[in-house]
Amino acid sequence: MINFVPMDFIIDATLKALKHLYNADITAEDISLQQTRKEFEGQVTIVTFPFTKVSRKSPEQTGADIGEYLKNEVAEIADFNVIKGFLNLSIADVYWLKQFYNHILPGDGIVAEPNGKKVMVEYSSPNTNKPLHLGHVRNNLLGYSVANILAAAGYEVIKANLVNDRGIHICKSMLAWQKWGDGETPENTGMKGDHLVGKYYVVFDKEYKKQIDDLKAAGQTEDEAKKNAPLIKQAQQMLQQWEAGDQEVIDLWSTMNGWVYAGFEKTYKALGVDFDKFYYESNTYLLGKDIVDEGLEKGVFFKKEDGSVWIDLTEDGLDQKLVLRADGTSVYITQDLGTAQLKYNDFNMDESIYVVGNEQDYHFKVLFLILDKLGKSWARGLYHLSYGMVDLPSGKMKSREGTVVDADDLIREMKETAKEHTEALGKVDGFDEEEKTTLYQTIGMGALKYFLLKVDPKKRLLFDPNESVDFQGHTGPFIQYSHARIRSVISRGALQLEDVMPLTEVSAEERDLIMVLGQYPEAIQVAAQGHNPAAIANYVYEVAKLYNKFYHEHQVINAETEALKRFRLQLSTATANVIKAGMGLLGIDVPERM
RNA sequence: GGUCCCAUAGCUCAGCUGGAUAGAGCAACAGAUUUCUAAUCUGUCGGUCUCAGGUUCGAAUCCUGAUGGGAUCACCA
């Protein structure tokens, strides 16, 4: 099942056993180890069904044969039992203690050795015409977390943000502000810049709709009215002026984009995400035409009579796809072809991950396929991290119907809720105001981030604005609380980490905790390979749960002996370290006190 | 209509390179604090793993088909 790291000696010994008992040559892949279910005695289970062919005995007898051999030949294997086709092995306590002191307590594998590979993670990639909403929040948290996980797995990581700062949608906000803005600025209204610009995007839409209705009343069809409305024509004209470098339009564009960036920066900061490299579509939108030429030369693309350029992907089960308009202007995919090349030229990375919603699955399938057909060596390293939409109980979020969950509102509400919970529990008596503010932020964001990241990215996510995010159970605050409690114990214990006193046995709770702590490096690798922060989220939850069980069963500071006390303090320290590191991969802070 | 994704407890989700009696949390109910933080812990209740076939010693997991939900199939981005 999942990650069972330091168990190679069992596989080796089992191979020897099979050779010795049945003269069977079996490879390590044929041996399936799993963690023993908790209702049975033991920690590691070997499934013996596959061996019955070579043993020519029943699964039970086969298990007993192998178990007997292992118990006699392998010092670490203390005992075994066989239930049906399952051979359950009890590993000696000293083995677990050795693992703990040699690897876990020193923090082996909390960050992997560099693997020499470079990966780019592109995420966020916002439009600059409206504020961020819950969907963007999921995107940002996923991208940031995946970047952290890859770094922990040994990659060199570049976090990139491709800002969509040009196009007709930007012109809509600009035009509406010009017409009805009345000189409003973030300064004189006190509004956050991205919200101010978003307000005019909505104004545009409203006025545009009015014009469409008027035209329809005058006898035009819906489609005609949409094309002929004066506002849309003006917006299109503005886009042309922008592309022609009209100074007035460019100035307005710079000003309003500046407002938006200032607003985004605040939201990014509140979310705790950051970037190493920004790309702007205003700089990249003309890229890709070289690649179109290249594709024509190589015969990968073809030109139609009207001059438009296409690629035929029907053999790959897809359609024909336009890559350049007849008038020579770019479409979306042209830019993305060019930008992909640009990124590669800039960084020469081995892999490149695009964190983009699953509504663009088809686009990326086509994009990667085209680059591959063009013979780009790096195309195989491209990956679309496709995530599901965030839905409300009423269905999809729709800005026009006002059902969008605004990122800034949500963040504020989370902090507020954290404050209410904390105060109700009377947890902040010794805190000054600044510490309180920090704590509420840590907990509120912890709850939100964990809520969004614990779900498999590819699945749709249901968010009910009327039902507050939980703070108990399988949640961020639960894990944060566990951490704070551990830190509290440690600070009372006055521990010298280098003090090792000989122990020869551990309790079941201690052993389980050591086992799961030892799986952290593997959890990182699993999460990295699957581009899946949820794997880390669930892992850390498991750690916190096991510690809480241990905490409930055993005294740390008032342990029966000095040796036990020290060991338990060390175990607590190692647990806190893993929780902190794991939550860090999710972009979640853990407090010392709460 | 073509293609892609999803379907597990009342709700939200794990589990999916095939392995034991399918697990958590929430909700409901019952308990635990003279002991290191009860945002905790223990227990009870709760399942035809959407359905039907197939492969296998063994299927929630793999294959085929169906049903339901979502996305996409723009000279928008």
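So you know, we letter chains A, B, ... as the sequences are listed, proteins then strands, and number each from 1.
Under the salt bridge (charged side-chain N to carboxylate O under 4.0 Å, His left out) criterion, A/K459 pairs with no residue, sequence neighbours left out. With sequence neighbours excluded, no residue forms a salt bridge (charged side-chain N to carboxylate O under 4.0 Å, His left out) with A/K84. Listed by chain and number, the residues in a side-chain hydrogen bond (donor to acceptor under 3.5 Å, both in side chains) with A/Y354 amount to none (sequence neighbours excluded). Residues passing the salt bridge (charged side-chain N to carboxylate O under 4.0 Å, His left out) test with A/R325, sequence neighbours excluded: none. With sequence neighbours excluded, the residues forming a side chain to side chain contact (heavy atoms under 4.5 Å, CB included) with A/A544 are A/F478, A/I479, A/S482, A/I579, listed by chain and number.
Using a 4.0 Å heavy-atom criterion, one finds that A/T422 contacts the bases of the nucleic acid, with or without backbone contacts as well. A/V455 comes within 4.0 angstrom of sugar-phosphate atoms only, judged by non-hydrogen atoms across all strands, and of no base. If you check every strand for non-hydrogen atoms under 4.0 Å, A/H554 touches a base. In this structure, A/N88 reaches the bases: a heavy-atom distance under 4.0 Å links it to at least one base atom across the strands shown. Residue contacts shown for A/K458 are limited to sugar-phosphate atoms, with no base heavy atom under 4.0 Å away. Heavy atoms of A/I443 sit under 4.0 angstrom from at least one base atom.
On the P atoms, B/U33 is 15 Å away from B/U42, given to the nearest whole Å. If you take atom P in B/U50 and the same atom in B/A22, they sit 15 Å apart, rounded to whole Å. Comparing B/C4 with B/G43, their C1' atoms are spaced 45 Å from each other, to the whole Å. One P atom belongs to B/A74, the other to B/G69, and the distance between them is 23 Å to the nearest Å. Look at the C1' atom in both B/G15 and B/G53: the space between them is 25 Å, to the nearest Å. A distance of about 24 Å separates the C1' atoms of B/A9 and B/C5, rounded to the whole Å. For the P atoms, the distance from B/G47 to B/C51 is 14 Å, rounded to whole Å. Taking atom P in both B/U21 and B/A39, one finds a spacing of 38 Å when rounded to whole Å.
Pairs engaging residues 534-561 of chain A under the salt bridge (charged side-chain N to carboxylate O under 4.0 Å, His left out) rule: A/E560-A/R568 [sequence neighbours left out]. Sorted by first and then second residue, the salt bridge (charged side-chain N to carboxylate O under 4.0 Å, His left out) pairs with a member in residues 462-491 of chain A read A/R487-A/E592; sequence neighbours excluded.
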Inset, instruction - Quick one: the dot-bracket string of RNA chain B, using Watson-Crick and G-U wobble pairs with both distances under 3.5 Å, [ ] for crossing pairs and | for bases paired to another strand. - result: (((((((..((((.....[...)))).(((((.......))))).....(((((..]....))))))))))))....
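In this structure, A/L461 places its CG atom 14 Å from C1' of B/C6, rounding to the nearest Å.
Listed pair A/K459 / B/U12 fails the phosphate criterion, with no side-chain N or O lying under 4.0 Å from OP1 or OP2.
Summarising the geometry of A/M397 relative to A/G135, their closest heavy-atom pair is CE-N, 3.6 Å, with the distance given to 0.1 Å.
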Which donor-acceptor pairs under 3.5 Å do the side chains of residues 413-429 of chain A make with protein atoms, sequence neighbours left out?
| from | atom 1 | to | atom 2 | distance (Å) |
| --- | --- | --- | --- | --- |
| A/T417 | OG1 | A/E413 | O | 2.7 |
| A/T422 | OG1 | A/A418 | O | 2.6 |

Show the atom names and distances, to 0.1 Å, of all donor-acceptor pairs under 3.5 Å that link a side chain in residues 57-64 of chain A to residues at least two apart or in another chain.
| from | atom 1 | to | atom 2 | distance (Å) |
| --- | --- | --- | --- | --- |
| A/K57 | NZ | A/D65 | OD2 | 3.0 |
| A/S58 | OG | A/Q61 | N | 3.0 |
| A/Q61 | NE2 | A/D65 | OD1 | 3.0 |
| A/T62 | OG1 | A/S55 | OG | 2.8 |
| A/T62 | OG1 | A/S58 | O | 2.7 |

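For A/K436, the NZ atom sits in a packed shell: over 12 heavy atoms of surrounding residues, nucleotides or ligands are nearer than 6.0 Å.
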Inset, instruction - Give the B/S/- string for nucleotides 70-77 of chain B, one per nucleotide from 5' to 3', where a protein heavy atom under 4.0 Å of the base yields B, of only the sugar-phosphate yields S, and otherwise -. - result: SSSS-BSB
Inset, instruction - Classify every nucleotide of nucleotides 40-46 of chain B by which part a protein heavy atom approaches to under 4.0 Å, writing B for the base, S for the sugar-phosphate alone and - for neither, in 5'-to-3' order. - result: SSS----
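Residue-to-nucleotide proximity on RNA chain B shows that, of A/K454 and A/L425, the 5′-proximal contact is made by A/K454. For the pair A/P477 and A/P50, nearest-nucleotide mapping onto RNA chain B gives the more 5' position to A/P50.
By the 6.0 Å and 45° rule, A/R56 does not stack over the aromatic ring of A/Y22.
Here A/F49 does not pack flat against the base of B/G58, since the 5.5 angstrom centre distance and 30 degree tilt limits are not both met.
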